[in-house]
Amino acid sequence: MKKSHPIRRVLLASAATVSGIVLLLSLKPATDSNSASAQGAAAQETAAAQESPQGGAAAAGTSTITGAATQTEYGVVQVRLTVAGGKITKAEAIQAPKGGTSDQKTALSVPKLNQEVVATQSADITSVSGATYTSGGYKKSLQSAIDKMKAAGANTAAPSQSSAAAAPAAQAKTVTGDVVSTEYGPVQVRITVAGGKITKADAVQAPSGGTSDQKTALAIPKLNQEAVAAGNANIDSVSGASYTSGGYKKSLQSALDKAGG
């Protein structure tokens with residue numbers, strides 16, 4: 001048969017086709033093996049991806065809450081809290097009065113306020129002497145942040161811990177006395193009472209401006225301490241701040257009356 005004969009060409013073409021099919025079939029298992037390896041790798045990646053949210057769950061337990069911006073006479077104060085496990089782990093003022101003497105007062109007061117928030121876990125903190133406006137604005141913004149925290153359920157701790165801490169906390173209450181006008185400005189006292197005793201006292205309002213700043217800074221801390229020590233309004237006036245002392249004692253007595261003490 002001649003090489004150029006049509007039948008020969010058909011036979012050669014058929015042989016080539018069969019050889020190609022055989023070759024493809026011989027390669028298929030290797031391809032399947034590679035596919036299996038690829039699927040195994042994909043499964044591992046999927047498993048790893050499923051584990052990562054578990055690692056992120058701890059991070060998800062930490063939340064940041066920003067209180068409302070509070071306008072004061074010297075500028076805006078705004079507090080931001082970091083909460084983890086139902087507790088305030090960090091407090092900071094993202095806005096505070098600045099410029100002139102406000103820089104010094106902010107530098108003096110804000111770090112103390114931040115520390116006290118973490119220590120008390122509440123807005124029931126003491127105003128910093130010499131920075132009453134900043135302290136007042138701070139506490140208002142702090143309270144709004146705490147309200148948001150409670151509304152969001154961020155204050156839910158482990159049941160065993162929260163149950164143990166709930167009993168003593170439920171016995172404590174905060175009472176604010178009446179505003180008492182003095183010759184140099186209003187005085188208002190707020191007390192925390194637990195077990196029938198004053199555990200904390202602070203002035204939410206006190207005379208300010210001019211020499212009143214110095215007298216307030218001198219008198220209020222002493223009056224606060226004596227109120228807690230005495231457990232009543234029968235406390236001594238601070239020398240050089242008789243008007244402030246008198247207003248303080250009147251407001252303290254009204255707070256005690258409200259508290260039933």
Side-chain angles (χ1 to χ4, degrees), residues 64-83 88 90-149 174 176-192 200-225 227 238 240-248 250-252 255:
T64 302
I65 303 170
T66 303
T70 303
Q71 183 68 48
T72 73
E73 186 171 334
Y74 296 100
V76 177
V77 181
Q78 190 171 25
V79 177
R80 182 170 61 198
L81 302 177
T82 301
V83 182
I88 300 171
K90 184 180 180 182
E92 58 189 316
I94 58 176
Q95 291 192 74
K98 59 183 178 179
T101 58
S102 293
D103 288 336
Q104 297 177 349
K105 291 183 178 181
T106 293
L108 170 69
S109 62
V110 168
K112 293 181 179 179
L113 295 168
N114 291 341
Q115 291 175 359
E116 193 167 356
V117 171
V118 177
T120 63
Q121 296 291 306
S122 72
D124 186 23
I125 57 178
T126 305
S127 297
V128 176
S129 297
T132 52
Y133 288 104
T134 298
S135 299
Y138 185 103
K139 287 190 277 189
K140 287 181 181 178
S141 181
L142 169 62
Q143 185 61 61
S144 73
I146 290 175
D147 291 342
K148 291 179 182 179
M149 180 183 82
T174 301
T176 303
D178 297 335
V179 178
V180 178
S181 296
T182 73
E183 186 172 335
Y184 296 101
V187 180
Q188 188 175 26
V189 177
R190 181 175 60 197
I191 59 174
T192 301
K200 186 178 181 182
D202 64 299
V204 293
Q205 290 192 69
S208 59
T211 58
S212 292
D213 286 336
Q214 297 177 350
K215 291 183 178 181
T216 293
L218 171 69
I220 295 300
K222 293 181 180 180
L223 294 168
N224 290 340
Q225 291 175 0
V238 175
S242 56
Y243 289 103
T244 298
S245 299
Y248 185 101
K250 289 180 180 179
S251 183
L252 172 60

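All values below come from the heavy atoms of this structure, side chains included, with hydrogens, waters and symmetry mates left out. Not measured: the values here are computed from a predicted model.
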Heavy-atom closest pair, residues [X] and [Y]:
X: T182; Y: P207; result: OG1-CG, 4.2 Å
X: A255; Y: T176; result: CB-C, 4.2 Å
X: G99; Y: D103; result: N-OD1, 2.8 Å

Considering only heavy atoms from C-beta outward, does the side chain of [X] approach that of [Y] to under 4.5 Å?
X: S251; Y: V179; value: no
X: V128; Y: T134; value: no
X: D124; Y: D202; value: yes
X: L142; Y: I125; value: yes
X: K98; Y: T106; value: no

Can you list the residues that meet the side chain to side chain donor-acceptor pair (under 3.5 Å) rule with S127, with sequence neighbours excluded?
-> K139
Mind checking side chain to side chain donor-acceptor pair (under 3.5 Å) for Q71 and listing every partner two or more places apart, or none if nothing turns up?
-> none
Whether S245 side chain and V238 backbone form a donor-acceptor pair below 3.5 Å | yes
Measure from the side-chain N and O atoms of Q78 to the backbone N and O of T66, and report whether any donor-acceptor pair falls under 3.5 Å.
-> no
Give, for atom [atom1] of [X] and atom [atom2] of [Y], the distance between the pair rounded to the nearest 0.5 Å.
X: N114; Y: E92; atom1: CG; atom2: CD; answer: 7.5 Å
X: N224; Y: R190; atom1: CG; atom2: CZ; answer: 10.5 Å
X: I88; Y: I146; atom1: CD1; atom2: CD1; answer: 4.5 Å
X: K90; Y: L81; atom1: NZ; atom2: CG; answer: 11.0 Å
X: T120; Y: K200; atom1: OG1; atom2: NZ; answer: 5.5 Å
X: M149; Y: Q143; atom1: CE; atom2: CD; answer: 9.5 Å

Could you give me the CA-CA distance, side-chain angles and deciding distance for K105 and E73, then say whether salt bridge (Lys or Arg N to Asp or Glu O under 4.0 Å) is met?
-> CA-CA 13 Å; K105 291 183 178 181; E73 186 171 334; over 6 Å; no
Given the rule in the side-chain contact (heavy atoms from CB on, under 4.5 Å) test, do V77 and Y133 qualify, once you have shown the distances and angles that lead to the verdict?
-> CA-CA 10 Å; V77 181; Y133 288 104; over 6 Å; no
